[in-house]
Amino acid sequence: MKLLAFKNNVTSNFKNADYKKIASKVAVSIFRYAMLIAVGYTVLSPLFQIISNSLKSDADFMNTSVTWIPTAAFWQNYADALFVMDYWKALLNTLIVPVLSGLIEVVSCGVVAYAFARFKFPERKILYPLLLLTILVPVRMTFLPSFVNYRNFDFFGITKVIGDLIGKDLTINLINTPFTFYLPSIFGVGFQSGLFIMIYIQFLKGIPKELEEAAWIDGAGPIKTFIRIIVPSSSVAILTVSILSVIWHWNEYYLMGLYFNENQPLAVSLSNIMNLISLKGGDTINSHTGVAMASCMLFILPVLVFYLILQKKFIKSIDSVGIVG
Amino acid sequence: MRNKKVTGIERLKVRYGRMFALPWTIGLLLFFLVPLVESIAYAFSDVSLVNDDMLSFAGLKHFKYLLQEDPNFLDNMAEAVTSFVFSLPIIVALSLIFALILNQKFRGRLFARAVFFLPVIIATGVVMKFVTGEALNSGAALSTAMGETESYSGISFDQLLINLGLPQSVTELLADYIARIFNLVWSCGIQILLFVAGMQSIPDQLYEVSKIEGATAWEEFWFVTFPMLGNVIFLVLIYTTVDLFTAFDNPIMTQAYDLVSKNSVYDRSSAILWGYFVIVGIIGSLILFVYNRLLMKKWN
Amino acid sequence: MTHSINFKKLLALLMTLVMVMCVFAGCGNKEEEYYSYYEYYEEDDTASDDTQSDDGSTDSNDDGNTTTSSKDEGGSTTEVPKNLRGTTVKMLFWRPLMDAEQKAIDKFEKETGIKVEVKNTPNAGTYGELISSSLAAKEGYDIAMFNNTDFPGRPVQYFQPLNDIKGFDFKDSAWDISVMDTQKINGKYYGVSVNGSLNSEYICMFFNETKFKDRGVKTPREYWEEGNWNWDTFLECAKAMTYEDNGVQVYGYLNRGSSYITYWTQAAGTDFINYDGSKFTANLSDTKLIDTLKFYNDLGHKYKVGDPENTYGVPDFRTGNAAMFSCITYPMRKDSDTKFNQMTDTIDAVPFPMPKGEKEVALIDSTLFGILKGAKNEEGAAVFLRYFLDPANYDMSSYFINKNLESTFNALSKMEKRVSITQGVVNYAAQVDFGNVCHNIALTTADQTSAKLQSYKSNFEVAVQKANKAIED
């Protein structure tokens with residue numbers, strides 16, 4: 001009722017006066033830019049602060065009159081940060097473990113979501129609430145049992161039974177191997193997987209069913225249908241999940257720090273940066289805070305570039321979606 | 001295969017569905033349910049990590065303690081729940097508005113999008129700790145005892161504004177206001193991303209039709225965009241709930257995590273989390289219920 | 001047709017799965033071999049243990065060789081029971097190792113034939129998780145560490161009493177007995193520390209020597225050296241060094257943060273909670289405690305020599321806006337992030353002052369290393385700790401910014417030590433944050449101190465109760 005009244009109100013305004021339209025357009029425009037500036041300020045100012053701090057020397061930090069612009073750009077901070085983080089090696093580790101498992105999730109979650117979004121099978125009633133549960137339960141809640149599970153890993157206790165028969169301990173230690181991340185990702189129960197499945201489900205629901213059913217009737221198998229029909233129609237969803245998955249995995253440091261004893265990714269180095277600076281740089285480093293901030297920038301940079309590239313695709317895909325839908 | 005009738009499709013669907021869900025179900029059993037059940041067991045046991053039998057059944061002991069003796073739990077719970085109930089609609093509405101703005105055509109749109117999504121990159125990780133200055137104290141130094149010093153390099157808005165030369169009273173007011181917006185904007189990034197993605201999935205034809213019928217921007221929003229976003233709103237509700245539930249500044253989470261990392265008390269911490277979890281679950285399903293029954297009915 | 005193709009695809013999927021599993025199984029087997037190797041040596045140990053009691057020379061030739069080789073190198077001060085050779089000591093450390101520590105470990109391995117494995121967390125924040133996950137997974141780590149802020153929670157939960165463990169000789173004067181005594185439980189040690197070790201964090205009073213000289217004020221070091229360094233002379237210094245310099249307020253004294261009023265209570269020989277080795281008691285009505293806190297509150301509010309709301313004194317001390325600064329000794333080091341080595345002014349430090357007439361002791365934030373429950377090589381761990389913590393195995397002088405600081409550090413390491421366990425007890429109860437309590441007390445004026453203190457009475461009493469219960473079990 002209220003909505004209907006609102007609608008009438010809006011339409012009558014529309015019919016009554018034309019100048020109001022212009023006024024509202026101007027108002028919307030002002031509102032928009034005001035919003036943009038406010039948000040831009042809140043989001044960008046910390047970033048600028050990090051950038052500015054990353055270029056400050058120790059003398060600048062101690063000089064209270066220097067707030068935004070350093071007296072001279074102190075690039076040594078970046079050189080030190082590269083050394084302290086062991087940047088290239090850590091970057092490689094990041095790509096090999098978290099980013100790769102993030103990409104695996106982009107695929108595996110899509111497959112699972114397909115099952116939930118398009119098929120009604122009896123077990124769905126049990127599995128769907130469990131899916132919600134995987135989203136809701138934070139990793140910190142289950143990290144201890146998870147750790148034990150990975151440390152003494154056995155497939156449903158089968159290996160243990162066999163091991164008992166042979167008289168050997170056959171359980172596998174996955175700790176300190178990338179499989180603590182790969183394996184769950186492959187099965188679609190990895191870091192933030194539940195959320196990605198959910199995102200896929202919601203987007204897949206929007207694809208018309210007729211296409212798919214026609215494909216079956218034409219004799220295409222489920223995998224073929226999935227690849228030929230579903231994947232091309234869900235480019236927005238795939239892009240969204242890719243962005244989120246890679247970024248979240250890039251940023252993940254809690255589990256990485258616990259599961260990996262060596263070969264740690266950038267996020268772990270960054271979470272530990274003050275220690276690392278003291279350990280590796282010791283007395284030679286000019287400003288610990290400056291190097292920490294420079295490390296922060298070096299950490300953001302690759303993922304920022306990745307995001308900006310994908311974002312362009314993201315906007316391009318608007319048009320293509322229009323055609324497919 | 002080709003000769004099968006439509007009823008056959010239903011049977012096929014069941015089989016295909018099972019096929020696609022199978023790996024996930026295996027993974028669920030292997031990696032999720034085992035730890036989950038164990039963490040529930042913690043809440044009802046006394047955990048002693050050094051014993052061979054880690055758990056000894058303790059019944060409702062920890063829950064009783066939390067409700068009757070713990071001086072902070074109920075306060076924290078109340079704070080967490082009220083802030084959850086207030087923040088959820090605000091964040092969803094705010095990110096919807098931002099997404100609408102970003103989805104329009106205007107000058108500097110590309111740049112604006114990049115800026116709005118920056119929190120997605122920053123807010124979810126360790127970089128946020130640099131923004132708040134926390135990272136500079138938490139790990140500080142090779143000395144265990146030095147870890148608790150407060151940092152001097154975090155970004156302080158008060159200081160920023162004082163540097164701009166504003167008077168004290170105005171500064172305080174502004175700083176408070178900005179701090180609030182700051183928090184909200186930082187927790188909107190992903191929702192905006194989801195909304196924008198959702199808006200892009202709406203077929204252009206619908207807008208064309210509405211234009212032909214002479215709808216205003218408002219009407220277009222209420223009768224085209226909003227209903228078509230049904231799935232995404234559901235998604236955003238779920239994500240925001242999870243995000244607020246697991247946020248680090250959530251007092252319940254802080255209490256539970258502190259128990260684990262400072263005191264290594266796993267049983268009570270599990271009890272706190274599960275107690276909170278049940279309450280959030282109830283609120284969440286209420287929201288979903290309202291969403292499904294009232295809103296969705298109206299649109300369909 | 002499609003049917004069979006699907007089946008094939010499913011089969012292929014399953015086969016890949018099986019292959020993946022095989023790969024893991026392969027991984028697992030390697031691990032297996034490694035552990036059985038370890039266990040082999042363990043069994044060997046117990047065997048040689050038994051035989052040793054009969055006659056001391058049943059060890060294999062291999063061991064004999066290593067002994068001679070280590071003797072050839074000379075200078076080895078560690079005498080290791082032969083049965084420990086070839087065993088492994090596993091330590092959980094709260095941060096990555098420093099180069100010097102790694103070198104010390106390498107040298108230890110070479111000299112003793114004991115292998116050392118270290119697992120660390122990236123930062124101290126997740127050290128608790130590291131210990132608990134390793135224990136829950138029964139990984140059999142031997143050594144871990146606890147601070148006075150973890151006492152009594154962590155030692156009671158995870159650590160073994162050390163008195164019955166072979167390898168610890170508590171008559172050895174190198175052990176920092178006076179620190180270890182403060183954290184005994186029912187007469188037993190749970191952690192060890194070595195005098196003057198890198199992990200010792202004494203509490204001292206830094207001062208800006210240049211600033212003192214500029215203003216012609218007698219420095220704390222001069223007072224200290226003539227044996228007259230106490231609260232009265234401290235106050236004189238602080239008053240003389242509080243002034244305005246071109247509109248910039250220079251304070252005579254800043255604390256590391258207002259929540260560190262415990263330095264003062266420790267110096268006065270009192271505490272919020274007392275511990276006699278078997279029982280905790282709340283001590284909030286103690287007049288000495290209240291007087292001390294009042295004295296601290298007066299520093300900021302009455303004498304105005306400091307800023308009670310300043311939550312971190314480092315930048316002020318560095319810019320010369322604070323003449324004295326109380327802190328742990330860590331900023332004495334060149335690799336500290338406080339970067340005192342980049343100051344143009346000369347800095348110095350003296351021990352934290354005591355009230356006039358009190359015996360001078362060193363205050364310390366302790367870090368004790370102990371043996372975890374479920375440890376597999378307690379004796380090896382004992383030998384290793386004695387070596388690892390010994391400052392003689394490190395080039396200590398290379399760490400300090402200047403000679404004066406080093407001499408103060410060395411003087412502190414030779415004094416009797418005093419540790420506050422209050423924070424640990426309050427943390428254990430997990431009801432209030434002790435830092436906040438201190439902060440709130442530090443901000444009040446002297447006439448409010450007592451009332452403020454009493455408002456936390458119930459929290460402290462519960463904490464004491466819980467801690468007492470914990471050490472009973």
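Naming convention: chains lettered A, B, ... in sequence-line order (proteins, then strands); numbering from 1 in each chain. Everything quoted here is computed from the prediction, not taken from an experiment.
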Quick one: pull up [atom1] in [X] and [atom2] in [Y] and give me the separation to the nearest 0.5 Å.
X: C/Leu130; Y: B/Ser261; atom1: CG; atom2: OG; answer: 13.0 Å
X: B/Glu69; Y: C/Lys466; atom1: CD; atom2: NZ; answer: 7.0 Å
X: C/Asn427; Y: B/Leu259; atom1: CG; atom2: CG; answer: 10.5 Å

Counting only heavy atoms closer than 4.5 Å, note whether [X] contacts chain C via side chain, backbone, both or neither.
X: B/Gln255; answer: neither
X: B/Asn263; answer: both
X: B/Phe73; answer: neither

Contact part of C/Ser132 toward chain B, heavy-atom cut-off under 4.5 Å: side chain, backbone, both or neither? both
Under 4.5 Å from a heavy atom of chain B, the part of C/Tyr428 involved: backbone
Should we say atom NZ of C/Lys457 is surrounded by more than 12 heavy atoms from elsewhere, each under 6.0 Å from it? no
Could you check C/Gln157 against B/Val50 for side-chain contact (heavy atoms from CB on, under 4.5 Å), going step by step and ending with a plain yes or no? CA-CA 8 Å; C/Gln157 274 175 294; B/Val50 290; over 6 Å; no
Looking only at heavy atoms, the pair that brings C/Ala430 and B/Asn72 closest together is O-ND2, 4.0 Å
Where B/Tyr266 and C/Gly128 come nearest, the two heavy atoms and their spacing: OH-O, 4.4 Å
